[in-house]
Amino acid sequence: MEGYYITVSDIKDYLFKGRSFSLPPEAMKRVEECYAFLKDFARDRVIYGINTGFGPMAQWRVEEDDLKALQYNIIRSHATGAGEPLQPLYVKAAMLARVGTFLQAGSGIHPEVIRLLAEFINRGIYPFIPQHGSVGASGDLVQLAHIALTLIGEGEVFYKGEWRKSAEVLRQCNLKPISIHIREGLSATNGTSVMTGIAAVNQIYAERLLELALHQAVWMNEIAGSYDDWMSIPLNASRRHSGQQYAAQRMREIAQGSGSLLKREHYLYNKELNGEKLFSRKVQAYYSLRCTPQILGPIQETYSNSRNVIERELNSVCDNPVIDPASNNVYHGGNFHGDYISLEQDKVKIATVRLTMTAERQLNYLFHHKINEILPPFLNLGKLGLNYGMQACQFTATSTTAESQTLAMPNYVHSIPNNNDNQDIVSMGTNSALLCKRVIDNAYQVMAIHCIALAQATDCLKMEEKLAPATRRLYREIRELVPLFIEDTPFYNDIASVERYLREKEL
């Protein structure tokens, strides 16, 4: 199908840059046509979820007088979520994903559903969506039912800083609940939009993490005074992986103008200078410094593939059945199955754990004076024994990394049959996306500690002016939040402020 198309970059603009969402007229015209086709086609035909029960109850025909009640019933009966509510950012992304599905004009819904969702998006009306409830087949039935519940004027929404009854907010905003025409209840609850919305936000934050990790890798090697051939063109081009070559190229760009990275040909390859028997400077840096193109490369490729999958899902018809006026037919299948998102979120989660592990190892290098041989223990500029520098910060980074390692177990393979075995294999896609979110949140905490440590190490060596302009800029921005410290100080607020800054920063 051709027509409306939304990207992760669009989602980013809607979520973070205040862009207003507007409905594309041509796509809405196609939605109208699809609805009109289904209304005519459904007469005297048996179509799942229009005049039959749902799931295992599909074998029972529903009488004409009960068809509207059928659609209300699936919304009300499936609003069974539990746990903490999704944050507004993720709810808005889920609604954007739902609109993306509906604007493909394959669902047969009345256009008023899309119009009301667009109003919710633009007015900052966020339905209550509990985190727990989806098995990711028939999509996010439970979580989407909570969105649908607010569209019919029931349930709760978060609006202007407080939880309120949906009906009250609709009246205040002069909005009307949707009506039931043909299959609005089923279509509003059936699909992958919640897991896809969460995945889109995860993607935005993961890509920022990668760019931060590339900056930190250069900064680390500057502090270590490494030879720069680990990111050279010939070395990385000789291994035919696009991610590795991207990482090396990006780090070469970041390193431009550095006064602390060394040229091997100026020292070890210079016959006049290489007469030492025991080299005072390391011939090769530790793996967590030197192998960053090889470590971050596959992470970049994983993130890139994830973006492609998410964008395809954002622009897919992901409910059931699929309405196709072009072929004059209605097709029953399983486009609601969340395997694509579930598998990709597991891969992003694993890649992000690896990124976090690399940062934690670099942090250990900075703190361990017997390894780096140039910095005081734990970057302590006070009195050794009396002061402790960043010693306890490592506990937080290590424990947080360990939690992420535990969460790295793939969730995609955790199918449990349910629904009278109608759903005999499921994707657990929303769980995968939420676990991925937790790992990304953890990564930002570790990266915040790492940035503070890098700034402190820079001051220990008094090498600010030797940094590349790109890493020097990051150093100064971190120092605006966390000044140089000598005496012991609580770090929890500093870590939190740097974490917030890194989440918002475009590198």
Side-chain angles (χ1 to χ4, degrees), residues 209-233 235-236 244 246-268 279-297 355 358-379 381 389-390 397 446-484 498 502 505 507:
L209 277 174
L210 177 61
E211 184 65 15
L212 176 60
L214 293 167
H215 277 71
Q216 289 180 337
V218 173
W219 197 355
M220 279 294 304
N221 279 280
E222 289 183 295
I223 288 169
S226 300
Y227 296 104
D228 68 356
D229 49 351
W230 54 274
M231 59 179 175
S232 66
I233 294 174
L235 174 76
N236 290 283
Q244 177 177 333
Y246 169 86
Q249 176 185 338
R250 187 72 191 99
M251 285 189 275
R252 288 194 300 272
E253 293 168 354
I254 295 166
Q256 282 291 320
S258 174
S260 57
L261 293 172
L262 305 179
K263 297 290 185 184
R264 197 172 293 270
E265 55 269 28
H266 292 172
Y267 296 91
L268 296 179
F279 302 109
S280 58
R281 188 181 299 276
K282 286 193 178 296
V283 175
Q284 297 189 121
Y286 283 92
Y287 282 15
S288 63
L289 281 67
R290 170 167 42 113
C291 299
T292 42
Q294 294 80 7
I295 295 169
L296 298 179
L355 182 150
T358 304
E360 190 276 334
R361 286 294 83 200
Q362 292 175 354
L363 197 62
N364 185 69
Y365 175 92
L366 293 173
F367 289 166
H368 201 318
H369 64 290
K370 292 183 179 179
I371 291 178
N372 63 61
E373 299 178 334
I374 56 174
L375 294 164
F378 303 107
L379 307 177
L381 289 174
M390 294 189 69
V446 175
M447 299 296 251
I449 294 170
H450 193 14
C451 275
I452 297 170
L454 285 164
Q456 185 75 359
T458 299
D459 286 332
C460 286
L461 299 175
K462 295 180 173 59
M463 59 174 293
E464 175 189 348
E465 296 307 318
K466 295 179 69 177
L467 296 177
T471 52
R472 191 186 313 135
R473 188 181 312 115
L474 181 55
Y475 158 82
R476 289 174 177 171
E477 290 165 352
I478 298 301
R479 274 297 181 234
E480 287 180 7
L481 298 169
V482 185
L484 170 71
V498 172
L502 295 177
K505 178 175 176 56
L507 289 167

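Count residues from 1 along the sequence.
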Quiz item: Taking it one step at a time, do Thr292 and Gln362 satisfy side chain to side chain contact (heavy atoms under 4.5 Å, CB included)?
Solution: CA-CA 10 Å; Thr292 42; Gln362 292 175 354; 3.6 Å; yes

Check whether any side-chain heavy atom of [X] lies under 4.5 Å from a side-chain heavy atom of [Y], and answer yes or no.
X	Y	result
Leu355	Met447	yes
Leu467	Arg473	no
Arg361	Tyr287	no
Ser226	Arg290	no
Gln456	Leu381	yes
Arg252	Ile233	yes
Gln294	Asn236	yes
Cys451	Gln216	yes

Atom [atom1] in [X], atom [atom2] in [Y]: separation rounded to 0.5 Å?
X	Y	atom1	atom2	result
Ile371	Asn364	CD1	CG	5.0 Å
Met463	Ser258	CE	OG	7.0 Å
Leu379	Ile452	CG	CD1	11.0 Å
Trp219	His450	CH2	NE2	9.0 Å
Leu474	Leu502	CG	CG	7.5 Å
Leu214	Leu209	CG	CG	11.0 Å

Quiz item: Which residues pass the ring pair (Phe, Tyr, Trp, His ring centres under 6.0 Å) test with Tyr286, sequence neighbours left out?
Solution: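 Scan of Tyr286 (ring pair (Phe, Tyr, Trp, His ring centres under 6.0 Å), adjacent residues dropped) gives Tyr365.
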
Quiz prompt | Sole candidate of Glu222, His215, Met231 that passes side-chain contact (heavy atoms from CB on, under 4.5 Å) when paired with Ile254 | solution =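 Result: among Glu222, His215, Met231, His215 is the only option passing the side-chain contact (heavy atoms from CB on, under 4.5 Å) with Ile254.
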
Please find the pair of heavy atoms, one from [X] and one from [Y], that lie closest to each other, and give the distance.
X	Y	value
Pro376	His369	C-CB, 4.2 Å
Ala453	Leu363	CB-CD1, 3.5 Å
Leu366	Leu375	O-CD1, 3.8 Å
Gly297	Ala247	N-CB, 4.3 Å

Quiz item: Where do Arg476 and Glu465 land on the salt bridge (Lys or Arg N to Asp or Glu O under 4.0 Å) test, with the steps shown first?
Solution: CA-CA 11 Å; Arg476 289 174 177 171; Glu465 296 307 318; 3.4 Å; yes

Quiz prompt | salt bridge (charged side-chain N to carboxylate O under 4.0 Å, His left out) against Arg479, all qualifying residues, sequence neighbours excluded | solution = Asp459

Practice problem: Mind running side chain to side chain contact (heavy atoms under 4.5 Å, CB included) on Ile449 and Met390 for me, showing each step along the way? | Solution: CA-CA 9 Å; Ile449 294 170; Met390 294 189 69; 4.3 Å; yes

Quiz item: Got a donor-acceptor contact below 3.5 angstrom from the Glu360 side chain to the Ala397 backbone?
Solution: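 No; judged by distance alone, with no hydrogens or angles, the pair does not exist.
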
Exercise. Starting from the C-alpha separation in whole Å, work towards a yes-or-no answer on side chain to side chain contact (heavy atoms under 4.5 Å, CB included) for Trp230 and Leu289.
Key: CA-CA 9 Å; Trp230 54 274; Leu289 281 67; over 6 Å; no

Quiz item: Do Leu235 and Asp229 pass the side chain to side chain contact (heavy atoms under 4.5 Å, CB included) test, and can you show the C-alpha distance, the side-chain angles, and the key distance before you say yes or no?
Solution: CA-CA 8 Å; Leu235 174 76; Asp229 49 351; 5.9 Å; no

